Amino acid sequence: MTLSPGPLVEPLAELSKEEIERYSRHLILPEFGLEAQKRLKNARVLVIGAGGLGSPAILYLAAAGVGTLGIVDDDVVDVSNLQRQVIHGVGNVGQTKASSAEQSIVDLNPHVAVIRHEVRLDNSNVIEIFSGYDLILDGTDNFATRYLVSDAAEILGKPYVWGSILRFDGQVSVFWAEPSVGGPSYRDLYPEAPPPGAVPSCAEGGVLGVLCAQIGSVMVNEAIKLITGIGSTLLGRVLIFNALDMTWRELRVRRDPSAAPITELSDYEAFCGLTPNTEQEPEELPSITAAQLEELLKERAAGRRDFDLIDVREPGEYDIVRIEGATLMPQNRILSGETELDTAREMYVHCKAGSRSANVVRHLREQGAGRVYNVEGGILQWVHDVEPEKPVY
Ligand SMILES: Nc1ncnc2c1ncn2[C@@H]1O[C@H](COP(=O)(O)OP(=O)(O)OP(=O)(O)O)[C@@H](O)[C@H]1O
């Protein structure tokens, strides 16, 4: 593997007087100088995801003077994003993330040309979008997109920087599966996608906001080195960060010599186990709506009904918002058998959005419970339909 494959971008651009003053702290770095800054100005960098990782990454790429920044994101800014997606502000809630990010870039550095791709990156557009850029940064939050990015970058022979965060942990690396470079791809690190639901999203598992800055800034550090050719990159190495212990570990990752080169895109939803099996009958899970639950709770309060309402979320979630009269019993304790329930009772089970409670209902029915029901849409639906004055998360 060529660990220092040389600068990605030629120093063709010229800097104006204003740009020389703006970037002067870069220019006086002996390893950097005017030439590296001109390479940055001539660079076209694509960031996928203007979310947790994309936010600091885009800000630092723009501040550093990357000439053209593409942003792919099909989402809009939500108030729960502001805890970590620092490129967006209160006034941007409801706006597309790509246009909100563009506003911040223009404010920070008007020398950057911004290209918005307000689409879901998928098989139909990935090759065309990637073709317009020298380097890609993947700051997305799902496995199907990560394998798509990896394969498209390999097909086009392009390098990319990948980062991922969850709770207090982060990972970051550089992939470049171009034969003349010989670097690994994401598939060399993770040949198989985890089973659906095995790795929670940040929305399910939480994330320390500042972790985005720690991993996102390393991603930009790598991008700058790849573009300019200075230093040595994370190609062939993965950094694994833990924010609680404040440790950075390093893993080696090599190209699997027996791996067939990727020459075409495939079905990433299916690869990640996300496509429903159309051969199977759709599962009929006994369920009730939030409005039905409201009626049942009234009946129970009037003494006309006797049942248990079980909240299978985690204690931290229960502290944020709860349905009066629900008993907290986290999913994992029920599934592991640590919490035993009386399967003869009538039970209604809810979680945040309905998927953990569905697991518990299935489990209890397998254990012989005949009167156990899922509350569709979980507490999010309950707040929406029944108690809109309560907070959601
Ligand atoms: N295939 C894709 N095409 C376009 N954008 C994508 C794709 N996959 C993920 N993203 C974007 O990547 C970003 C990832 O950011 P992040 O992990 O912080 O998630 P989030 O969805 O904003 O937050 P939360 O899950 O907490 O609501 C999101 O803005 C999401 O829209």
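Note that ligands are numbered from 1 as they come in the structure, with each ligand's atoms numbered from 1 the same way. All of these numbers come straight from a predicted model, not from anything done at the bench.
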**Asked** salt bridge (charged side-chain N to carboxylate O under 4.0 Å, His left out) between E154 and R255: does it pass, once the steps are laid out?
**Response** CA-CA 12 Å; E154 181 168 345; R255 182 79 186 153; 2.9 Å; yes
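Remark: F130 pairs with no residue by the ring-ring contact (aromatic ring centres under 6.0 Å, His included) rule, at least two apart or across chains. Listed by chain and residue number, D74 satisfy the salt bridge (Lys or Arg N to Asp or Glu O under 4.0 Å) test with R120 (two or more places apart in sequence, or in another chain).
Note that R187 lies in the cation-pi zone of F271, set by a 6.0 Å cut-off to the ring centre and a 45° limit from the axis. No cation-pi contact links R313 to Y318, judged by a cut-off of 6.0 Å to the six-membered ring centre and 45° from its axis.
Summarising the hydrophobic clusters (Ile, Leu, Val, Met, Phe, Trp, Tyr; side-chain heavy atoms under 4.5 Å, direct or chained), the residues clustered with I379 are I288, L293, L296, L297, F307, L309, I320, V321, I323, Y348, Y373, V375, L380, W382, V383, V386, V392, Y393.
Each of G49, G51, G52, V72, D73, D74, D75, N81, R84, Q85, K97, V119, R120, L121, G139, T140, D141, N142, T145, A203 has a non-hydrogen atom positioned under 4.0 Å from some atom of ligand 1.
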